[in-house]
2 protein chains.
Amino acid sequence: MTDLPSDWTHKPRKILRFRPGTKVTDIDPVSTPGYTGDKSGSEAVQAERNERFAGLQEMLYANGKAGDNRSLLLVLQGMDTAGKGGIVKHVVGAGDPMGIRYTGFGVPSEEERAHHYLWRIHKALPPGGHIGVFDRSHYEDVLVVRVHDLVPPDVWEPRYDEINAFEKELADSGTTIVKCAMFVSLDEQRRRLAERLDRPDKYWKYNPGDVTERLLWPAYQEAYQALLDRTSTDHAPWFVIPCDKKWYSRLAINELLIEALKSMQLSWPPADFDVEAEKKRLAQA
Amino acid sequence: MTDLPSDWTHKPRKILRFRPGTKVTDIDPVSTPGYTGDKSGSEAVQAERNERFAGLQEMLYANGKAGDNRSLLLVLQGMDTAGKGGIVKHVVGAGDPMGIRYTGFGVPSEEERAHHYLWRIHKALPPGGHIGVFDRSHYEDVLVVRVHDLVPPDVWEPRYDEINAFEKELADSGTTIVKCAMFVSLDEQRRRLAERLDRPDKYWKYNPGDVTERLLWPAYQEAYQALLDRTSTDHAPWFVIPCDKKWYSRLAINELLIEALKSMQLSWPPADFDVEAEKKRLAQA
């Protein structure tokens, strides 16, 4: 029993799940795994799936209100221009702001640096009934930190296991974790950065540091390889999202969210009051 | 120079602004001040204005990224079923979750009660570039608190002045405050509560306490009168929103947000880097 649009030949949660042994260098960012449709048809599918997501999100929120402490956490990791912001706006944005908690994790503040790297992560976890969105995350502490040698290996090395343990605890306490590693090709990244430089309404998205990071691409690939190899677990698997086609990455992550919400087997919470008695009270009030 | 849809004969920020001397008992929740259109035409207008709001919200966010510390705070107050949640979902929800901070203020927690009533408010204020949404607010501390005698008059009485001073400080530090008092009639409220009792997917929105509050309507009217009389200031005026017609209240608050954002005279932040030099760097990277 599935309501997956017919353009999908495979369930995104199966075909996009990171398979042990997969090499990051073999990931093709322009591919559209499991999907036979094209861009022209994607808009209508996206609109319908936005609605589907919004309906499930509301049901999750309703359950939270009724005391269910389960939540969903979407973790978005990817190089600059991979499209994390677009996922937030065009996929998560279909939900109700009341039940969405967005957090962007940039360079840590002085206060954050004075704490354990998971300190700011804990503070941003979604309460029951909510969807949390991490735009970058604790994984920065084994990515940028590793690539730029911000701390020595004996500091970042134990973090993989620590993160697995942290996420296990999180999953055990009722949070469904959806981790998306978003891959954009260097060519497509160049086009997207160039567009930001061509349009004054996009300047604010441009950071000269992004170009510097391009030069470190091989080191990032190595860091992403370690991340996928070591932190894709049963309780919190990684999904590999090809992102050169924005319409595909949005459809794919939309489906991953829908599937995660469906896996919670939600239903509308029953009344915790006597419906008929309340109808009488209301008629008289 | 205005882009207000032609169905508006008056600017919402003018016609809906609370006028000293107005009696709460004279507010007609079914009216549609300043708007000549009807429900059938409202959907297209709403869709267009959602886009307009989203564009301005992105520009505010861009400026925040560029270091502008200005923000916008939408305060929603109203009796149960007035439609606060609908405003969040259908108006604010058109914006990007990345730049929206929603906070619902319910019965204070034990920790919150141990602090000054503005403590939890301060914690939820929007950072620069963000839109904060308060679903209920510090005004609960002169509404429900007053109606239910939760603290004696000599405790809540000084709060009006205190709130004005707090909001003045907030406005002076760059936050544009849009306060909406949402009025629904007792008849319409009954219909909306009855609908929640008729639909299992709405049970979660129903609270037997809502019926109890109906009986206190005159006391709430009195408390709202004092609130409007005493806290509608030049730096943070109240807008009175008739809410029996949901489509009208949504259009109205959407325009108030657009007007508030336009009053900030935002433009896309200039590049803080050398655009041509970056184009060259990028071409070589």
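Note on naming: letters A, B, ... go to the chains in the order of the sequence lines (proteins, then strands), and numbering restarts at 1 for each one. The basis for the numbers below is simple: all heavy atoms, side chains too, and nothing from hydrogens, waters or symmetry mates.
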What are the residues of residues 276-285 of chain A, in order of number, with any heavy atom under 4.5 angstrom from a heavy atom of chain B?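 Residues in range: A/E278, A/K279, A/R281, A/L282, A/A283, A/Q284, A/A285.
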
Residues in residues 67-88 of chain A that sit under 4.5 Å from chain B, counting heavy atoms only: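 The residues closer than 4.5 Å to chain B, in numerical order, are A/G85, A/V88.
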
Taking every non-hydrogen pair under 4.5 Å, which of B/S267, B/P208, B/A66 racks up the most with chain A?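 The answer is B/P208.
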
What option among B/L193, B/T103, B/N63 has the most heavy-atom pairs under 4.5 Å with chain A?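 Among B/L193, B/T103, B/N63, the one with the most close pairs to chain A is B/L193.
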
Where on [X] is there a heavy atom nearer than 4.5 Å to chain A: the side chain, the backbone, both, or neither?
{"X": "B/A194", "answer": "both"}
{"X": "B/T212", "answer": "both"}
{"X": "B/K205", "answer": "side chain"}
{"X": "B/D135", "answer": "side chain"}

Hey, which of A/R101, A/K202, A/K65, A/M98 has the most heavy atom pairs under 4.5 Å with chain B?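 Counting heavy-atom pairs under 4.5 Å, the top option is A/M98.
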
Counting heavy-atom pairs under 4.5 Å to chain B, which of A/D201, A/L215, A/V92 comes out on top?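 Option with the top pair count is A/D201.
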
Can you tell which part of [X] gets under 4.5 Å to a heavy atom of chain B, answering side chain, backbone, both or neither?
{"X": "A/A271", "answer": "both"}
{"X": "A/R214", "answer": "side chain"}
{"X": "A/K89", "answer": "both"}

Can you name the nearest heavy-atom pair linking [X] to [Y], along with the distance?
{"X": "B/P270", "Y": "A/Y203", "result": "C-CD1, 4.4 Å"}
{"X": "A/P97", "Y": "B/G93", "result": "CG-CA, 3.6 Å"}
{"X": "B/W204", "Y": "A/P269", "result": "CB-CG, 3.9 Å"}
{"X": "A/W268", "Y": "B/P200", "result": "CB-O, 3.8 Å"}

Return the CZ to CG distance between B/F273 and A/N207, rounded to the nearest 0.5 Å.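 So the gap between those two atoms works out to 8.5 Å.
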
